[in-house]
Amino acid sequence: MRLSVWWPTCIVYTIMLVNVANGCKKSEPPPKPRCKLPPVPIQVTQTGGWVSCTGHADRYFNVPKVYDDVHKALTTEGGVIENGTLVIKKELIVPKEDPETSECHLVCLAGFIPAPSSSTSCKDGVWTQDPATMTCAPSPCGAPPNPEHGKYHCYGNPSTCYLTCDPGYVTMSAKPAFTCTDGSWSTDPHSLQCEVAVALLTGGIGPDNDHPYPEKCQTAEVFSPSDETCSSATLPLLRIGVMDHTSHLVDGEILMCGGNECGRTSEKLFSGKPIYNATKSNKSCFKMLADNTWALHSVFSGWKWNHMGGLQQNRLQLIAGNGQTLAPVLELQEETWVPGRSPSLPPTAYAASFGRPCLVVTSPITYIVIGGSNDLLSGKELSSVLEFNSLTREWRALPDIPIGRVNHACALVTTKSGPGVMVAGGKNFKLQQNALDSVFLLDLGTEKWYPAGNLNDGRENFGLAVLGERVMVIGRMSRFTYGSKGKKLTGKESVEEYVVPCPSLKECTPSQEGVWTLMLTDGVVNRWSSFSVVSVAASRFNCSG
């Protein structure tokens with residue numbers, strides 16, 4: 001028997017009745033459109049704005065969230081194990097696709113606001129706002145005038161502006177951010193200023209001097225390269241001896257967070273005062289009061305030591321630390337700590353902890369983490385350089401540092417080419433037993449590394465600070481004789497200055513290499529290692545700078 005049958009989604013076939021079950025198969029639905037990276041509108045580039053979109057960053061550093069995902073990430077990038085060794089095969093790399101969802105953030109220069117909105121979202125190829133229609137329109141408040149040695153960065157609509165001081169300068173303002181509302185700024189931009197900085201050193205291991213162990217870990221001191229009287233002033237002891245902590249300047253307050261306890265004297269431990277017997281340094285932040293004594297500021301869950309920290313849009317974040325790579329970032333809101341994104345660092349580059357990387361805040365929405373890594377895909381250790389964007393919440397890789405390291409120091413600097421990151425000292429056990437003396441400078445405009453001299457001796461767990469127009473390394477010499485220089489430091493040479501062949505570093509190009517010079521007489525600090533350095537306005541301690 002024969003008959004005509006209509007089979008869904010097919011043309012009319014004449015088939016044997018017994019073969020109806022073998023008719024044509026139902027076709028697969030077409031794939032949903034994906035979100036392509038939109039071009040930056042010409043009207044945005046003409047005003048100096050830019051667009052950052054999620055979903056298009058390096059998947060290797062952004063997709064894995066836990067250690068179990070690392071194997072899948074390596075496989076996606078063509079990684080296979082042959083004879084116990086990871087081998088990358090290009091033919092096995094999974095093709096990259098545009099994301100199913102994306103969010104684009106429009107950032108405008110100060111004096112302009114994103115319009116009609118500051119962001120737009122995409123799902124299945126459809127945007128809530130066509131990116132081509134986005135623009136940077138004149139702000140009803142105009143452009144806030146930049147103070148000397150500083151610059152305003154503005155985000156969102158309505159616009160919120162944050163003061164960023166040049167390297168070597170800081171603001172002690174309790175409100176270094178303000179918003180444009182109804183054509184007026186919530187704070188007068190003229191009231192904010194950037195002052196020359198001095199270095200405040202806290203905790204860490206130092207000589208006994210007048211403070212026997214454990215109180216030698218409770219000392220604090222100010223270092224000024226030009227004011228010996230200020231540098232020799234005695235500050236009150238910390239409430240608890242601490243090392244491997246971080247210190248920060250937040251809304252004009254000096255905070256000291258986390259770290260390992262370095263002992264407490266028995267009479268204070270059993271004094272019955274809660275700050276001594278109910279507070280642990282690795283779960284606490286302390287603040288410096290007006291009389292330079294210290295008081296408990298806040299307590300957080302978990303623990304932080306050997307961690308990193310920095311401000312993003314004027315909010316303090318504590319990041320990673322020993323055994324804390326996958327732990328959430330801790331963010332300070334008022335005096336309460338709130339868990340943020342997780343993991344703190346990409347597990348594909350920080351699956352194991354070799355020591356502390358360093359972190360440099362490069363803008364109110366970006367920071368860079370350098371070294372201390374273990375990149376399984378490249379096989380390189382201690383040399384990764386990753387930038388995090390707080391708007392997109394994604395990482396991107398910058399060129400590796402030429403010599404990998406851990407327990408090093410880094411700082412934001414300015415050259416004739418613009419902002420850069422200087423990285424000094426540290427440790428690389430595979431390269432040599434003693435601390436490194438090499439210094440490098442990353443030009444953020446060209447994203448190229450340049451040599452920046454060699455320290456007079458290797459250093460690790462020390463400080464690097466920009467104070468006014470001067471760049472200094474502070475504390476912790478290796479005290480070993482090695483290398484062609486044959487130097488053997490006695491311990492007094494605790495400070496070195498980077499001297500360049502120009503009036504200042506900001507007048508030199510990155511390729512104009514300087515020389516590190518010992519400060520033998522007026523540059524002694526009583527700090528060896530595992531301390532913390534924060535730049536504070538010289539006026540805070542009545543210093544001349």
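None of these values were measured; they are calculated from a predicted model.
- No side-chain donor from either of Ser191 and Asp188 sits under 3.5 Å from a side-chain acceptor of the other.
- A heavy-atom distance below 4.5 Å is found between the side chains of Val471 and Leu464.
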Pair Arg315-Leu332, side-chain contact (heavy atoms from CB on, under 4.5 Å): steps then yes or no: CA-CA 6 Å; Arg315 285 187 173 179; Leu332 183 61; over 6 Å; no
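- The ring-ring contact (aromatic ring centres under 6.0 Å, His included) search around Trp337 returns Phe300, not counting sequence neighbours.
- Of all heavy-atom pairs between Cys53 and Pro38, the closest is SG-CD, 4.0 Å.
- Nearest heavy-atom pair, Phe541 versus Val198, reported as atom, atom and distance to 0.1 Å: CD1-CG2, 4.3 Å.
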- request: Evaluate the criterion side-chain contact (heavy atoms from CB on, under 4.5 Å) for residue pair Leu359 and Ile319; output intermediate values, then yes/no.
  value: CA-CA 9 Å; Leu359 181 149; Ile319 300 165; 3.6 Å; yes
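- Between the CE atom of Met472 and the CD atom of Glu497 there is a distance of 4.5 Å, given to the nearest 0.5 Å.
- In terms of modelled atom types and a separation under 3.5 Å, the side chain of Thr128 and the main chain of Ser121 share a donor-acceptor contact.
- Arg356 places a side-chain N or O within 3.5 Å of a backbone atom of His307 that can act as its donor or acceptor partner.
- No side-chain donor-acceptor contact under 3.5 Å links Ser539 to the backbone of Asn542.
- Not a single donor-acceptor pair under 3.5 Å links the side chain of Thr54 to the backbone N or O of Thr392.
- In terms of heavy atoms, Ser224 sits closest to Ser231 at N-OG, 2.8 Å.
- No more than 12 heavy atoms of other residues, nucleotides or ligands lie within 6.0 Å of NZ in Lys36, so this atom counts as exposed by the packing criterion.
- Counting heavy atoms from C-beta outward, Ile93 and Thr76 have side chains that stay 4.5 Å or more apart.
- Here the side chain of Ser173 pairs no donor or acceptor atom with the backbone of Asp251 at under 3.5 angstrom.
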Which atom pairs, one a donor and one an acceptor, fall under 3.5 Å between side chains of residues 103-119 and the rest of the protein, sequence neighbours left out?
{"unit_1": "His105", "atom_1": "NE2", "unit_2": "Leu391", "atom_2": "O", "d": "3.3"}
{"unit_1": "Ser117", "atom_1": "OG", "unit_2": "Ser119", "atom_2": "O", "d": "3.0"}

task: With side-chain contact (heavy atoms from CB on, under 4.5 Å) as the test, would you mind laying out the steps for Phe531 and Asp244 before giving the verdict?
output: CA-CA 6 Å; Phe531 57 93; Asp244 300 323; over 6 Å; no
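- Taking CD from Glu253 and CE from Met172, the interatomic distance works out to 9.5 Å, rounded to the nearest 0.5 Å.
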message: Run Leu376 and Thr348 through side-chain contact (heavy atoms from CB on, under 4.5 Å) and show every step you take.
response: CA-CA 6 Å; Leu376 301 176; Thr348 47; over 6 Å; no
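- Rounding to the nearest 0.5 Å places CZ of Phe61 at 13.0 Å from CD of Glu394.
- No salt bridge links Lys32 with Glu100; every basic N to acidic carboxylate O contact stays at or beyond 4.0 Å.
- Between the CZ atom in Phe286 and the CE atom in Met256 there is a gap of 6.5 Å [rounded to 0.5 Å].
- Taking both residues in full, the closest heavy atoms of Leu330 and Ser301 are given as CD1-O, 4.1 Å, listed atom of the first, atom of the second, then distance.
- Listed for the Gln312 side chain is a donor-acceptor partner under 3.5 Å among the backbone atoms of Ser363.
- Between Tyr152 and Phe178, the gap from one ring centroid to the other is short of 6.0 Å.
- Pro399 places none of its side-chain heavy atoms less than 4.5 Å from the side chain of Val385.
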task: May I have the step-by-step check of side-chain hydrogen bond (donor to acceptor under 3.5 Å, both in side chains) for Gln333 and Thr336, ending in yes or no?
output: CA-CA 5 Å; Gln333 298 181 10; Thr336 302; over 6 Å; no
task: Give the intermediate values and the outcome of side-chain hydrogen bond (donor to acceptor under 3.5 Å, both in side chains) for residues Asp443 and Thr446.
output: CA-CA 6 Å; Asp443 177 48; Thr446 60; 2.7 Å; yes
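- In this structure, the side chains of Thr366 and Phe388 stay at 4.5 Å or more apart for every pair of heavy atoms.
- Under a 4.0 Å N-O distance rule, the pair Lys427/Glu460 qualifies as a salt bridge.
- Between Phe440 and Trp449, the two ring planes are perpendicular [angle over 60°; tilted spans 30° to 60°].
- A donor-acceptor pair under 3.5 Å is absent between the side-chain atoms of Asn428 and the main chain of Arg405, judged by distance alone.
- For Tyr60 and Asp375, the side-chain atoms include at least one donor-acceptor pair closer than 3.5 Å.
- One finds a salt bridge joining Arg396 and Glu447 here, because a Lys/Arg side-chain nitrogen approaches an Asp/Glu carboxylate oxygen to under 4.0 Å.
- Two residues are said to be in side-chain contact when any heavy atoms from C-beta on lie closer than 4.5 Å; Thr164 and Pro364 meet this criterion.
- For the atom pair OG1 of Thr160 and CD of Gln313, the computed distance is 8.0 Å after rounding to the nearest 0.5 Å.
- The residues Arg459 and Glu496 are annotated as salt-bridged, a charged nitrogen and a carboxylate oxygen being separated by less than 4.0 angstrom.
- No donor-acceptor pair under 3.5 Å is formed between the side chain of Asn306 and the backbone N or O of Asn322.
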field: side-chain hydrogen bond (donor to acceptor under 3.5 Å, both in side chains) between Gln193 and Tyr169, intermediate numbers included
entry: CA-CA 9 Å; Gln193 60 179 339; Tyr169 299 84; over 6 Å; no
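- Atom CG of Leu249 and atom CG of Leu311 lie 8.0 Å apart (nearest 0.5 Å).
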side-chain hydrogen bond (donor to acceptor under 3.5 Å, both in side chains) assessment of Thr509 paired with Ser511: CA-CA 5 Å; Thr509 63; Ser511 61; 3.2 Å; yes
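- Residues Phe223 and Cys230 are not in side-chain contact: their nearest non-hydrogen atoms beyond the backbone lie 4.5 Å or more apart.
- For the pair Arg341 (side chain) and Arg393 (backbone), a donor-acceptor distance under 3.5 Å is absent.
- Side-chain atoms of Gln43 come within 3.5 Å of backbone atoms of Ala132 as a donor-acceptor pair (strictly under, hydrogens ignored).
- Residues Asp58 and Trp395 form no side-chain contact, since every pair of their non-hydrogen atoms from C-beta on lies 4.5 Å or further apart.
- Residues Pro357 and Met308 are in side-chain contact: their nearest non-hydrogen atoms beyond the backbone lie under 4.5 Å apart.
- Considering all non-hydrogen atoms of both residues, Leu444 and Thr362 come closest at CD1-CG2, 3.8 Å.
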message: Let's go through Cys141 and Cys180 carefully: what are the C-alpha distance in whole Å and the side-chain angles of both, what is the deciding distance for disulfide (SG to SG under 2.5 Å) to 0.1 Å, and is it a yes or a no?
response: CA-CA 6 Å; Cys141 291; Cys180 176; 2.1 Å; yes
